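One structure is given here, and the rest of the page talks about it.
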Amino acid sequence: MSAPKVRVRFAPSPTGGLHLGGVRTVLFNYLFAKQHKGDFVLRIEDTDQSRYVESAEQYILDCLQWCGLTPDESPAVGGRFAPYRQSERKAIYREYAERLVAQGHAYYAFDTTEELDAKRKEIPNFQYGQLHRGDLRNSLSLKTAEVEHLLNDGVPHVIRIKIPEDESVRFHDMIRGDVSFETNLVDDKVLLKADGMPTYHLAVVVDDYLMKITHAFRGEEWLPSAPIHILLWRYLGWEADMPQWVHLPLILKPDGHGKLSKRDGARLGFPVFAMNWFDAKTDELTAGFRELGFLPEAFVNLLAMLGWNAGTDQEIFTLDELIANFSIERVSKAGAKFDFEKAKWYNAEWIKKLSAENLMPKVKAILEGKGIAVNADAYLIKVIDTVKDRCTLLPDFYQQAGYFFIVPAVYDLAAVKPKWTDTKTDFFSALITRFTEAPSWEAMHLEIEFKYLLEETGFKIGDVMLPLRIMLVGGKFGPHVFDIAALLGKEETINRINLALEAFAG
RNA sequence: GGCCCGUUCGUCUAGGGGUUAGGACGUUAGAUUUUCAUUCUAGAAACAGGGGUUCGAUUCCCCUACGGGCUACCA
């Protein structure tokens with residue numbers, strides 16, 4: 001018997017932006033699938049019509065594409081097991097729910113939300129389960145004739161799983177090892193809602209079975225409901241095909257406590273979503289890593305290292321390296337607090353690692369977004385090469401590269417004016433002459449010209465170097481001054497010295 | 001409250017019955033760069049507590065504490 005082809009799925013509900021933790025779940029799914037030459041499926045769990053947000057599905061697709069974690073099967077590209085939207089599979093679930101009822105593993109329940117709320121208030125630690133199900137309105141407590149009557153009258157009802165008494169449900173989790181729950185403490189969860197839609201519990205089991213999922217990755221918050229799923233696999237007669245469970249540790253708030261949430265991003269000043277998310281209902285824009293200037297390579301890399309490591313000192317990984325090295329055994333059990341400082345470090349490393357050619361389109365977009373036209377790509381590439389080591393996020397290229405394209409709008413006058421003298425004006429006038437006559441415009445030669453003039457005039461390098469920098473770039477930043485001048489070219493360099501001289505004199 | 005999962009520097013983590021408990025981010029100091037950053041060097045910084053088991057426990061077991069998750073006709 002050969003092992004079945006590895007098939008994994010990411011099954012988000014389209015209710016809003018895609019969270020860091022969600023992307024990491026995708027990533028671990030993807031890495032595992034690709035390592036085993038398996039399939040990665042995207043299934044949209046849109047069974048909650050009240051929380052459904054129309055643009056969310058496309059947004060999720062876009063996020064995955066940006067990250068380079070493209071699904072093999074999805075609502076967008078289809079696949080052998082289509083449809084991949086649970087709302088379009090609605091009819092399938094009822095059949096299985098009814099089968100469970102027929103087998104005695106589930107039952108109809110007619111209680112209204114109000115009635116249940118009242119029960120919860122009345123009885124502390126109320127559970128819809130063995131203790132109370134006899135006192136409620138369901139096909140277990142009601143007479144058969146009455147149930148039939150209610151059903152025929154179309155009275156709204158749900159189907160609940162009948163959790164057995166005094167059993168212990170044990171299962172193996174690839175990260176946590178053996179886990180067990182007592183059924184007496186598990187309640188009779190709703191399987192099929194009154195609107196005919198399945199709940200997550202039924203849908204995930206049915207679809208994982210039908211879609212031949214072999215490994216079920218999900219966040220640790222699902223661990224407590226795992227016994228329901230195990231029971232369902234068993235009652236539906238599919239236990240032999242049950243996937244391996246992989247409950248991933250959670251990503252936690254960096255400061256206080258608890259799961260990282262959208263609110264934390266706004267509160268602490270860092271993104272939580274992969275890409276910008278606009279909520280049309282509240283008119284609220286939530287920042288994304290992409291728009292903040294993260295490279296997808298860095299984003300994927302930093303997410304991989306949140307809860308996993310290769311067992312070596314290597315921290316910078318390409319996607320292919322992650323695929324080659326990933327292993328579930330090396331995923332940690334404990335939740336990880338998200339550290340934005342480290343996240344930025346990953347991005348800086350990736351900017352350094354990637355070639356200027358590779359970075360060019362993104363930098364160009366940053367500059368153009370700031371109204372700086374880039375006409376020559378070859379020039380931009382040279383510029384990127386000289387400044388990329390000083391950039392952490394993509395927008396840093398605006399400050400670090402912008403002045404290669406436009407004359408500084410403002411000068412750091414506070415750094416020059418207090419020490420400015422007429423003799424300095426003379427020095428720079430002489431420098432213009434020397435530069436004008438310079439036979440070569442290479443950085444090294446410009447520096448030599450500069451130093452000759454220093455000797456002639458008796459200035460110290462410290463007196464005039466900073467002013468020259470500010471003339472060319474506007475402030476105290478950027479690469480070596482003569483590298484800048486060399487790239488700027490003779491005409492532009494001289495032009496900027498002239499312009500600055502006027503500004504400094506005023 | 002109940003149930004489940006977890007616990008090594010501030011953070012992400014390596015390690016594992018006998019180690020100077022390693023790396024990275026951040027931080028501190030210094031070098032380089034007469035800008036800023038990069039880079040380099042050095043430093044501070046951790047096994048939650050209590051019981052066992054053992055010649056020996058941070059590592060194995062138990063308890064406690066703490067943290068987290070779940071406890072919806074949401075996923």
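Keep in mind the model is a prediction, meaning the values are calculated, not measured. To find a chain, count down the sequence lines: A is the first, B the second, and so on, and within it residues start at 1.
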Rounded [atom1] spacing from [N] to [M] in Å:
N     : M     : atom1 : result
B:C5  : B:U38 : P     : 45 Å
B:C4  : B:C63 : P     : 12 Å
B:G43 : B:U33 : P     : 24 Å
B:G26 : B:A44 : C1'   : 13 Å
B:A14 : B:A48 : P     : 14 Å
B:G2  : B:G18 : P     : 38 Å
B:G10 : B:C3  : C1'   : 32 Å
B:G67 : B:A72 : C1'   : 25 Å

Counting just side-chain N and O atoms, does [X] come under 4.0 Å of either OP1 or OP2 of [N]?
X        : N     : value
A:Thr47  : B:A75 : yes
A:Ser332 : B:U13 : yes
A:Arg330 : B:G15 : yes
A:Lys352 : B:U39 : yes
A:Arg176 : B:G69 : no
A:Asn309 : B:A14 : yes
A:Arg160 : B:C73 : yes

Legend entry - Criterion ring pair (Phe, Tyr, Trp, His ring centres under 6.0 Å) on A:Phe450 and A:Phe427, from CA distance to verdict: CA-CA 10 Å; A:Phe450 187 81; A:Phe427 174 90; 5.7 Å; yes
Legend entry - Under-3.5 Å donor-acceptor pair between A:Lys189 side chain and B:A72 base: no
Legend entry - Side chain A:Asn125 and base B:G2 donor-acceptor under 3.5 Å: no
Going by purine N1 to pyrimidine N3 plus the second Watson-Crick contact, or the G-U wobble pair, all under 3.5 Å, which nucleotide sits opposite [N]?
N     : result
B:U33 : none
B:U54 : none
B:G10 : B:C25
B:G67 : B:C5

Distance check needed: [N] [atom2] versus [X] [atom1], whole Å only.
X        : N     : atom1 : atom2 : result
A:Phe477 : B:U35 : CZ    : C1'   : 10 Å
A:Lys476 : B:A37 : NZ    : C1'   : 14 Å
A:Asp339 : B:C9  : CG    : P     : 14 Å
A:Leu250 : B:G6  : CG    : P     : 13 Å
A:Lys344 : B:C12 : NZ    : P     : 17 Å
A:Trp345 : B:C25 : CH2   : P     : 5 Å
A:Asp117 : B:A72 : CG    : C1'   : 9 Å
A:Asn301 : B:C25 : CG    : C1'   : 13 Å

Minimum-distance nucleotide to [X] side chain [options: [options]]:
X        : options             : result
A:Lys193 : B:U35, B:G26, B:A75 : B:A75
A:Val179 : B:C70, B:G23, B:C5  : B:C5
A:Lys342 : B:C4, B:C12, B:A75  : B:C12
A:Asp313 : B:C25, B:G6, B:G23  : B:G23
A:Phe181 : B:C3, B:C5, B:C73   : B:C3
A:His480 : B:U71, B:U35, B:G26 : B:U35
A:Asp48  : B:C74, B:C70, B:C25 : B:C74
A:Lys259 : B:G69, B:C12, B:A72 : B:G69
A:Lys333 : B:C73, B:C25, B:G6  : B:G6
A:Glu315 : B:C5, B:G23, B:U38  : B:G23

Inset, instruction - Could you label the plane-to-plane angle of the A:Trp222 and A:His229 rings as parallel, tilted or perpendicular, counting under 30° as parallel and over 60° as perpendicular? - result: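 Plane angle between 30° and 60°, so tilted.
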Inset, instruction - For the pair A:Trp277 and A:Tyr59, name the ring-plane relationship: parallel under 30°, tilted 30 to 60°, perpendicular over 60°. - result: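 Rings of A:Trp277 and A:Tyr59: perpendicular, as their planes differ by over 60°.
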With sugar-phosphate meaning primed atoms plus P, OP1 and OP2, does [X] contact a base, only sugar-phosphate, or nothing at under 4.0 Å between heavy atoms?
X        : value
A:Thr392 : nothing
A:Met465 : nothing
A:Gly219 : nothing
A:Asp111 : base
A:Thr15  : nothing
A:Pro479 : base
A:Ala334 : sugar-phosphate

Would you please indicate yes or no on a ring centroid separation below 6.0 angstrom for [Y] and [X]?
X        : Y        : answer
A:Phe171 : A:Trp233 : no
A:Phe504 : A:Tyr411 : yes
A:Phe338 : A:Phe270 : yes

Inset, instruction - Could you tell me whether A:Arg234 atom CZ has more than 12 heavy atoms of other residues or ligands within 6.0 Å of it? - result: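 Yes - once you tally the heavy atoms of other residues, nucleotides and ligands closer than 6.0 Å, there are more than 12.
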Inset, instruction - Report the residue (A:Met305 or A:Glu221) whose heavy-atom-nearest nucleotide on RNA chain B is the more 5′ of the two. - result: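 Of the two residues, A:Met305 wins.
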Inset, instruction - Return the 5'-most residue of the pair A:Pro12, A:Arg469 with respect to RNA chain B, ranking by each residue's nearest nucleotide. - result: A:Arg469
Legend entry - Any side-chain donor near an acceptor of the partner, A:Tyr108 and A:Glu98, under 3.5 Å: yes
Legend entry - From A:Tyr128 atom OH to A:His132 atom NE2, the distance as rounded to the nearest 0.5 Å: 11.5 Å
Legend entry - Student check: side-chain heavy atoms of A:Val416 and A:Lys424 closer than 4.5 Å: no
